[in-house]
Amino acid sequence: MTDHGATDPDERRIAHALVAGDRDALAEAFSRWGRMIHAIGTRAAGPDAADDLTQSVFVEAWRSRARFDPERGVVPGWLVGIARNQIRRDARRHREVPIDRDVEHPEDSREDAVANQVVLAQALSDLDPTVRSTLELSYWHGLTQTEVATRLDLPLGTVKSHQRRGLARLRDILEVSRG
Amino acid sequence: MAERRSPDPDVPSDDELLAWAEEGRQMLDATDQGHLDRLWDGIAATAFDDPPRATEPVPELPTRQSAPPVDLARERARRRPWLGLVAAAAALVVAVGGVVWTTVRGPDTVPVATFRMDPLRPDAPDTVTGRIVALDGQRRVDVDLTDLPPTDEAFYELWLLDLEDGQLVSLGPVGDTTTYVVPTAVDLGSYPTIDVSVEPTDGDPTHSGDSILRGPISAAEAAG
């Protein structure tokens with residue numbers, strides 16, 4: 001799974017339509033990933049600032065859509081990247097002392113952690129429902145792969161490949177959105 | 001960096017991936033959907049304020065109100081007298097009986113003009129061609145506009161335009177038909193352009209200025 005473009009056909013469609021300038025595609029992207037951006041903004045800056053952040057991220061996504069390559073990136077990762085840049089820019093504006101760009105700041109890593117968590121949650125909920133179930137049952141409910149296979153009435157091999165595929169997808173999304 | 005206490009190591013374990021996802025899910029669930037929905041209007045208003053154009057800029061369309069009054073008789077003589085001539089010739093052929101036309105062009109219709117409309121918006125279909133014919137003294141536009149993309153709270157309308165002087169005539173809303181009647185009083189020679197606009201259902205009968213297709217009208221080739 002080294003391909004970084006979207007594998008979900010619906011996501012691919014949104015990505016290509018967005019780049020082509022389809023306004024409905026921005027609306028779809030917002031309805032699908034707006035919650036994720038808002039959650040990141042809420043943790044980073046509070047609920048009111050999250051509203052502003054969410055709006056400016058989607059406006060910026062629309063304006064810079066020509067720079068997004070659907071074959072190389074995934075829309076949620078790209079949106080999170082825009083959000084993180086804005087959060088960092090806002091945070092730096094509010095710091096009293098000019099800072100060295102190379103120095104890692106605790107705020108930055110906390111925001112990164114939140115972004116990672118939200119991105120993963122979104123990616124998990126975007127997975128095929130069966131694939132998602134195999135992961136949730138194993139990792140959240142503590143079932144073995146054999147128990148998952150019985151519970152979902154699937155061959156053990158299918159459960160294993162679903163889990164492998166799902167985890168690979170989560171890692172891909174995480175890697176891309178970390179930019 | 002390699003410690004696993006913070007969800008930001010380089011390579012998280014599978015357990016960590018799912019644990020982070022669970023943390024994230026709680027944050028996602030804490031967001032009210034209705035509140036999110038209300039943010040959309042602000043995004044759309046700002047983002048679509050300066051919509052990009054896929055093609056060259058659309059010529060400014062003067063509105064009915066801003067156009068100066070025109071001496072129609074004089075203007076008619078100045079503009080495209082050929083279209084009037086072709087129409088007159090067409091009418092004559094129809095009057096004489098149109099034996100040639102019935103075999104070649106179908107019963108009693110006489111070509112007056114043809115046109116090709118090019119897309120003006122990214123969501124427009126490819127080029128659309130059509131023709132204007134005369135039938136029993138009535139002129140009509142034959143064009144298939146049934147494949148335009150669906151619209152929300154808007155409809156398409158077909159127009160004859162004179163971009164230079166801001167004159168325009170509506171041929172009506174676009175529907176399932178492929179036939180639009182040109183009012184008898186309209187001098188086709190005065191309207192060199194045909195246009196399809198997107199009209200919001202706002203009760204304003206004038207051209208919205210938002211065109212999806214537009215092209216020049218050319219006289220039909222003189223027959224035999």
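Chain naming here is simple, since letters A, B, ... match the order of the sequence lines and numbering starts at 1 in each.
Near-neighbour residues of residues 132-142 of chain A relative to chain B, defined by a heavy atom under 4.5 Å from a heavy atom of that chain, comprise Leu135(A), Tyr139(A), Trp140(A). The stretch residues 27-35 of chain A places Ala27(A), Phe30(A), Gly34(A), Arg35(A) near chain B, each with some heavy atom under 4.5 Å from a heavy atom of that chain. Residues of residues 34-43 of chain B lying under 4.5 angstrom from chain A, judged on non-hydrogen atoms, are His35(B), Leu36(B), Leu39(B), Trp40(B), Gly42(B), Ile43(B) in numerical order.
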Practice item. Assess whether side chain to side chain contact (heavy atoms under 4.5 Å, CB included) is satisfied between Thr129(B) and Met117(B), documenting all intermediate values. Key: CA-CA 6 Å; Thr129(B) 57; Met117(B) 290 189 282; over 6 Å; no

Exercise for review: Let me see the working for Trp159(B) and His207(B) under side chain to side chain contact (heavy atoms under 4.5 Å, CB included), right down to the final yes or no.
Suggested key: CA-CA 9 Å; Trp159(B) 303 81; His207(B) 193 292; 3.5 Å; yes

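For the residue pair Asp142(B) and Thr178(B), no side-chain donor N or O sits within less than 3.5 Å of a side-chain acceptor on the partner. Side-chain atoms of Glu11(A) and His16(A) form no donor-acceptor pair, as typed in the model, at a separation below 3.5 Å. Using modelled atom types and a 3.5 Å distance limit, the side chains of Ser190(B) and Asp162(B) yield no donor-acceptor pair. A donor atom on one side chain and an acceptor atom on the other are not found under 3.5 Å apart for Gln86(A) and Glu60(A).
With sequence neighbours left out, Thr184(B) forms a side chain to side chain contact (heavy atoms under 4.5 Å, CB included) with Gln138(B).
Using a distance-only test at 3.5 Å, with no hydrogens or angles considered, a donor-acceptor pair links the side chain of Ser208(B) to the main chain of Val198(B).
Both the backbone and the side chain of Gln122(A) come within contact range of chain B, each with at least one heavy atom under 4.5 Å from a heavy atom of that chain. Proximity to chain B (any heavy atom under 4.5 Å) is shown, for Leu167(A), by both the backbone and the side chain. Looking at Gln33(B), the atoms closer than 4.5 Å to chain A (heavy atoms on both sides) sit in the backbone and in the side chain alike. In this structure, no portion of Asp22(A) lies under 4.5 Å from any heavy atom of chain B.
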